[in-house]
Amino acid sequence: MCGIAGICRLDGSSFGPEAAARTKAMCDALAHRGPDGQGVWLDGSVCLGHRRLSIIDISGGGQPMFDTRRELCVTFNGEIFNFQELKKELMAAGARFATNSDTEVILEGYRHWGDACLERFNGMFAFALWDSRRRRLFCGRDRFGKKPFFYTAQNGIFAFASELTALTRLKNFSFPIEPSAVMRYLAYEYVPTPQTIYRGTMSLPPAHYLVLENGCPRIARYWDMPVPDEADKRNEDDLCRQLRDLLSRAVRRRMISDVPLGVFLSGGIDSTIIAGLMARHSTTPIKTFSIGFREASYDESRYARAAAAAYGTEHQERILAAGDCADILPAVVRRMDTPMADASVAPSWLLSAATREKVTVALGGDGADELWAGYEHYIAFRTAEWFNALPSPVRSVLAGLPRLLPASAGYINPRLAVETFLRGADAQASLRVQSLLTAFNPQMQRDILNSDYAETVLFDSQVLFAPTRLHYEHWPPPKAASALARAFHVYARQFMLDDILVKVDRCSMLHGLEVRAPFLDTDVAEFAARLPMRYKLCGFRRKYLLKKAFADLLPKKILHRNKRGFQIPVATWLKSRLRPLMEDMLATDKLRAQGMFNPQAVRNLMNAHISGRADLRKPLWTLLVLQIWLENRQKEL
């Protein structure tokens, strides 16, 4: 796992020696991603840079790396997990290798298969490869976007990097905040790919490649999620055996490492399955890591301990006070490369820090919730279909239910949960998932944004949620997948990409820790995607086939427990521990000077939440994160 950066002249003219210094400045901003080494290579119109976190072939895997003929050069971030199989195939075709690194497989794979090499790679990756024969830059990103790739073209120069922060180190480049990106951030709690918070700077979408040739960038897709086969009549037991075999192989592939590795163990279904499979493949006790809280209402460490005991792991846990997360949240937000209002970055950050003290690589359960229906929102989507089939008078009566329910600042607020469900049920199917998750809908944005600033954006749900509609409506051809299957696709292509995977990547890499996700193995993910929906969400039973396939591996108390992620009491903290920070960052004078938001409207939100009249944790936290991030950006630029 590493950090990559580079620049390339669009007109093909040669750089002067200052290009190496410019590229090194970007790489220096990525030092946390690659603390073990660095390299910069300049040749005419291209300069590639690299920061290395040594995982495989420690002595021979330095980058930028050339092929044996010195015609190709690559800077690469990530891992190709099937590199050993590909290497054998390439050697049989006459390829020569000078290292034992998976990086070299990218070079020879490109030489042998051309752009189609991406279809062969099973891994997490982002890379840029310079083909000196064709004066061509070839860039690729993995199928789910586990590894980031940002780019911009300014002043006749194409530039790319693993993080936006690195790009901003380029002198004479401009990175103004894009108003429509702010609008989408307020709605999504992140800026959805391919857009970024900066105007003119983009994120290469997952499963796409970018070719820069003859001064013209071209982007194309090389893979897409398979469509569920609802007519599949295969025996459940056979499917369970196939799933066990595929996931077992995916775990074994991800245990290849020349440095110590372990597993994040939360005690949930997904991480426990990964730990159990790792234990079966290892001849020595595996290392497992978890964090817990002193407060019983937030603590789930007992489940992690139960799993560790079942598999005989070398378990390490760190018990914290819930307030430790509150105290560290502002600092973590400042270190994030892009504004993202997922408060679970704090425990993810702390878990990564504790894990990195012992190992350099950790496996995790990311991707299982999105591909196997782990979230309550899948049930909400299905329930909404039934709700909307009820007679209108019945729906009207049920719409008044929230007034009868109690409000709470805890993990679950019954009144807020029902209000959110009703909002989602009322939305068109393509926007139902996002309606359940959104922080600021168009009307709320009209209220909160300064009138002058608001003139630069459009308050229309079709514009605001255009990224969601694109994922929902254009995959696959019409009538080829159900509404629920499309909702799955949206989760994997949007929420998982820009929230879950960004959180894991940034929190881990800020500590120089590589995290691998067996559930996102190509073979495992395609198997899951092709299954009929009933094997993922069977009635109200989530992860149906996954639980059945691994029932004998999982401790009973974990198999039958409900999913609960890291519990972050943001609603309470905004009234207490984080209130001074909120009052400062959202102060009237600061907002007026900034010019984005209506200070009185923001004050009204704070007053309503602090008094208990409304639970506004999502919009207030989303605003607070943006203000913290913007203030830190001003200091760095």
Side-chain angles (χ1 to χ4, degrees), residues 1-6 23 27 30 33-34 36-43 46-134 136-143 146-147 149 160 162 209-211 222 252-259 261 360-361 514 516 521-522:
M1 201 66 62
C2 309
I4 64 173
T23 303
C27 290
L30 301 170
R33 300 185 75 95
D36 298 331
Q38 62 179 317
V40 173
W41 172 74
L42 171 63
D43 180 36
V46 66
C47 189
L48 305 181
H50 189 263
R51 291 290 313 207
R52 188 183 187 201
L53 177 65
S54 301
I55 303 293
I56 294 174
D57 192 6
I58 294 174
S59 62
Q63 297 184 48
M65 180 181 285
F66 295 93
D67 68 320
T68 55
R69 305 178 193 181
R70 296 189 71 82
E71 295 174 337
L72 309 173
C73 184
V74 71
T75 181
F76 161 53
N77 170 29
E79 303 283 354
I80 306 299
F81 296 118
N82 63 335
F83 79 99
Q84 293 176 329
E85 301 101 291
L86 294 178
K87 185 174 182 178
K88 290 179 183 177
E89 185 177 350
L90 289 165
M91 290 178 70
R96 293 175 295 166
F97 290 86
T99 74
N100 295 315
S101 170
D102 57 336
T103 307
E104 199 172 8
V105 169
I106 295 176
L107 292 164
E108 293 301 326
Y110 171 81
R111 177 187 299 282
H112 190 70
W113 297 306
D115 297 356
C117 65
L118 290 165
E119 300 170 17
R120 303 288 192 112
F121 299 155
N122 186 340
M124 52 181 185
F125 54 83
F127 66 80
L129 184 153
W130 178 249
D131 183 342
S132 63
R133 305 164 302 177
R134 302 166 64 182
R136 179 181 199 255
L137 188 69
F138 177 63
C139 311
R141 192 176 183 195
D142 67 70
R143 289 168 175 80
K146 285 172 282 190
K147 294 295 102 186
F149 188 99
F160 67 88
S162 295
Y209 63 86
L210 182 152
V211 174
Y222 67 86
R252 188 165 58 243
R253 281 172 173 164
R254 284 157 182 77
M255 292 176 68
I256 298 173
S257 173
D258 293 334
V259 295
L261 79 165
T360 311
V361 177
E514 175 178 302
R516 300 173 175 179
D521 179 90
T522 302

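FYI, side chains are in, hydrogens and waters are out, and symmetry mates aren't considered; it's all heavy atoms of this structure.
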*Go through Glu85 and Phe83 one step at a time and tell me if the side-chain contact (heavy atoms from CB on, under 4.5 Å) criterion holds.*
CA-CA 6 Å; Glu85 301 101 291; Phe83 79 99; over 6 Å; no
*Show your working on side-chain contact (heavy atoms from CB on, under 4.5 Å) between Phe121 and Ile106 and close with a plain yes or no.*
CA-CA 8 Å; Phe121 299 155; Ile106 295 176; 4.2 Å; yes
*asked:* Pair Phe66, Trp41 - check ring pair (Phe, Tyr, Trp, His ring centres under 6.0 Å), show working.
replied: CA-CA 10 Å; Phe66 295 93; Trp41 172 74; 5.3 Å; yes
*Take Ser101 and Thr99, measure what side chain to side chain donor-acceptor pair (under 3.5 Å) needs, and give me the verdict at the end.*
CA-CA 5 Å; Ser101 170; Thr99 74; 4.5 Å; no
*When you look at Phe138 and Asp115, which way does the side-chain contact (heavy atoms from CB on, under 4.5 Å) test go after all the steps?*
CA-CA 8 Å; Phe138 177 63; Asp115 297 356; 3.5 Å; yes
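Thr23 places no side-chain N or O within 3.5 Å of a backbone atom of Gly6 that could act as its donor or acceptor partner. Although no hydrogens or angles enter the test, the distance criterion places no donor-acceptor pair under 3.5 Å between the side chain of Asn122 and the main chain of Asn82. One N or O on the side chain of His50 and one on the backbone of Phe76 form a donor-acceptor pair closer than 3.5 Å. Between the side chain of Arg33 and the backbone N or O of Cys2 there is at least one donor-acceptor pair closer than 3.5 Å. In this structure, Ser54 contributes its side chain and Asp36 its backbone to no donor-acceptor pair below 3.5 Å. Put simply, the side chain of Tyr222 gets close to the backbone of Arg141: a donor and an acceptor are under 3.5 Å apart. A donor-acceptor contact shorter than 3.5 Å links the side chain of Asp142 to the backbone of Lys147. Panel note: side chain Asp102, backbone Ile80; a donor-acceptor pair is recorded below 3.5 Å.
Remark: of the listed residues Arg143, Arg252, Arg253, Arg253 is the sole one forming a salt bridge (Lys or Arg N to Asp or Glu O under 4.0 Å) with Asp521.
Here the shortest heavy-atom pairing between Ala93 and His112 reads CB-CE1, 3.4 Å. Residues Cys139 and Ala128 share a closest heavy-atom pair of SG-CB, 3.9 Å. Nearest approach of Ala5 to Cys27, heavy atoms of both residues: CB-SG, 4.2 Å.
Using a 4.0 Å cut-off between a side-chain N of Lys or Arg and a carboxylate O of Asp or Glu, Arg96 and Glu108 do not qualify as a salt bridge. The pair Glu514-Arg516 meets the salt-bridge criterion, since a charged nitrogen lies less than 4.0 angstrom from a carboxylate oxygen.
In summary, the side chains of Asp131 and Tyr110 do present a donor paired with an acceptor at a separation below 3.5 Å, with no hydrogens or angles considered. Ser132 and Glu71 form no side-chain donor-acceptor contact under 3.5 Å, judged by distance and modelled atom types alone.
Note that Lys146 lies outside the cation-pi zone of Phe125, set by a 6.0 Å cut-off to the ring centre and a 45° limit from the axis. For the pair Arg254 and Phe81, the cation sits on the ring face: its NZ or CZ lies under 6.0 Å from the ring centre, inside 45° of the axis. Within the cation-pi definition used here (under 6.0 Å to the ring centroid, within 45° of the axis), Arg120 qualifies as a partner of Trp113.
Proximity of Thr75 to Phe127: side-chain heavy atoms (C-beta onward) are nowhere separated by under 4.5 Å. Annotation: side chain of Ile55 is in contact with side chain of Leu53 (closest heavy-atom distance under 4.5 Å). Side-chain contact between Val361 and Met255 is absent, with no heavy-atom pair separated by less than 4.5 Å. For the pair Gln38 and Arg52, the minimum side-chain heavy-atom distance is 4.5 Å or more. Under the 4.5 Å side-chain criterion, counting only non-hydrogen atoms from C-beta, Cys73 is in contact with Leu48.
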